[in-house]
Structures are given as C-alpha cells and as structure tokens.
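To find a chain, count down the sequence lines: A is the first, B the second, and so on, and within it residues start at 1.
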Amino acid sequence: MKRVLTSGFYKRHVLEVAPELLGKYLVRKYRRKEHAYRITEVEAYDGPDDKACHAHKGRTKRTEAMFAEGGIWYVYLVYGMYDMLNIVTGEKDYPAAVLIRGVEEISGPGRLSRDIRISRHFNGKKAAPESGLWIEDRGEKVTKKDIQATPRIGVAYAGECAKWKYRFLLKAN
DNA sequence: ACGATGATGAAC
DNA sequence: TTCATCATCGTA
C-alpha cells in the first residue's frame with residue numbers, strides 16, 4: 001500500500017510530524033524514474049522561539065518558505081556547499097520545518113541532497129508528484145519504542161535550545 | 001583536526 | 001560594503 005502524504009499530514013505541529021516521518025519514503029522522480037529512500041533521521045525546527053531555527057530572527061527573504069503552510073519544501077545552502085532539505089509543517093505564517101537529515105544507505109543531509117539531485121530550485125515547491133519530490137507512506141508501522149530522541153547536530157550556537165531533544169532516529173534493528 | 005566555499009544578516 | 005557566521009563533508 002502506497003499513500004502520498006498531503007497537506008493534512010503536514011499541517012500539524014512540527015513535533016508531531018517529525019517522528020512520524022521516520023519509516024516513510026522520500027521519493028524523487030528524476031529522468032522518468034522514481035527513486036525511493038526510507039527516512040531514518042530527522043530534526044525539528046520550531047518557530048520564532050527556537051534559536052536554532054532560521055526563522056527565530058524574523059521573516060526574511062531566505063526563510064520566507066518556512067512561513068508557508070505545511071507541505072512545501074524549504075531548501076537552502078549551508079557552508080557554501082551543501083543544500084539542506086526541509087519540509088515545512090504547521091499553519092501558514094507559523095515558521096517550522098523538519099530537516100530530512102538521513103535516509104537509508106545515505107548518511108548526512110549534505111550528501112543526501114547531492115546524491116539524489118536536490119537543490120534550491122525545490123525551495124517553495126509543493127511536496128507532490130507534480131514537483132518531482134514527495135513523501136510516501138508505504139504502510140510501515142513505527143512505534144514509539146523504535147524511535148530515539150537526541151539533541152540536534154551542529155547547533156551548539158543556539159544556547160539552551162541546543163539541548164532540546166528535537167532529533168529523531170530509527171533505532172537499529 | 002581542519003579547510004573548502006558562498007549566501008546571509010548585521011554592523012559600519 | 002565588509003565581516004563573521006554557518007542545520008557539512010572529505011581528506012589528514
């Protein structure tokens with residue numbers, strides 16, 4: 001059973017959406033072929049009070065996509081080299097998103113976007129088959145005890161927020 | 001352990 | 001317009 005996730009799934013609180021993305025499939029259509037990757041690691045970025053969230057300083061040109069309603073991509077460049085892939089969550093005008101940090105067989109968000117040919121041209125696009133990049137539920141059941149929560153990576157600058165357990169991983173079998 | 005590499009936002 | 005900063009990776 002395959003079901004494409006639609007805006008109803010994404011238009012909820014980011015902390016509800018993030019762990020549910022584990023075990024779902026990121027699907028990339030490229031040159032008429034579909035490639036699916038099982039999501040194993042995500043991080044939540046939640047609104048203006050989260051100092052690790054780009055939008056905590058306010059609405060800017062870069063973060064504009066984060067303020068859209070849930071279900072669109074937010075992609076941006078980091079360290080001058082790598083594009084980070086995020087899916088926006090929640091209602092319009094509330095900035096929150098989930099960073100897709102790892103999928104099976106590919107480690108690291110920088111390699112992920114490079115290997116499956118994602119770049120900033122997806123920024124602001126909808127997560128749907130028409131855009132060539134979306135997420136599917138393939139019927140896998142993931143329960144709370146399959147999931148581990150830890151602090152986020154690479155956000156030491158965020159003070160207190162750096163300690164929040166907003167990173168979710170599938171435990172190894 | 002560290003350099004590559006460039007957009008971003010804030011300060012001057 | 002200049003500067004420090006950065007949600008990373010590959011080579012050492």
Sorted by number, the residues of residues 47-60 of chain A with heavy-atom contact under 4.0 Å to DNA chain B: A/Lys57, A/Thr60
Length of the CE-P vector between A/Met84 and B/dG6, whole Å: 16 Å
Sugar-phosphate, base or nothing in reach of A/Gly110, heavy atoms under 4.0 Å: sugar-phosphate
Side-chain N,O (A/Arg114) to OP1/OP2 (C/dC9) below 4.0 Å: no
Runs of at least three Watson-Crick or G-U pairs with DNA chain C, cut-off 3.5 Å: B:1-4 with C:8-11, B:6-11 with C:1-6
A/Arg101/A/Glu43 salt bridge by N-O under 4.0 Å criterion: yes
Protein-nucleotide distance (A/Met81, atom CE; C/dT11, atom C1'), rounded to Å: 12 Å
Pair A/Arg117, A/Tyr30: side-chain N/O donor-acceptor within cut-off below 3.5 Å: yes
Side chain to side chain contact (heavy atoms under 4.5 Å, CB included) between A/Val4 and A/Glu136, intermediate numbers included: CA-CA 4 Å; A/Val4 176; A/Glu136 275 179 17; 4.1 Å; yes
Pairing of A/Glu69 and A/Lys92 as salt bridge, 4.0 angstrom limit: no
Whether A/Tyr76 and A/Tyr74 hold their rings parallel, tilted or perpendicular, with breakpoints at 30° and 60°: parallel
Rounded distance in Å - OH (A/Tyr76) to C1' (C/dT5): 13 Å
Spacing between A/Tyr79 atom OH and B/dT8 atom C1', to the nearest angstrom: 14 Å
Sugar-phosphate, base or nothing in reach of A/Arg152, heavy atoms under 4.0 Å: nothing
A/Glu64/A/Arg59 ion pair, N-O < 4.0 Å: yes
Spacing between A/Arg62 atom CZ and B/dG6 atom P, to the nearest angstrom: 16 Å
Check ion pair A/Glu160-A/Lys51 (N to O, under 4.0 angstrom): no
Pairing of A/Arg12 and A/Glu20 as salt bridge, 4.0 angstrom limit: yes
Spacing between A/Tyr45 atom OH and C/dC6 atom C1', to the nearest angstrom: 11 Å
Between C/dC6 (C1') and A/Asp83 (CG): distance, integer Å: 14 Å
Sugar-phosphate, base or nothing in reach of A/Ser113, heavy atoms under 4.0 Å: nothing
Touch class at under 4.0 angstrom, heavy-atom based, for A/Ile153 against every strand present: sugar-phosphate
side-chain N/O A/Tyr82 vs C/dT8 OP1/OP2, d < 4.0 Å: no
Rounded distance in Å - CG (A/Asn123) to C1' (B/dT8): 14 Å
A/Lys171 side chain to A/Lys145 backbone, donor-acceptor under 3.5 Å: yes
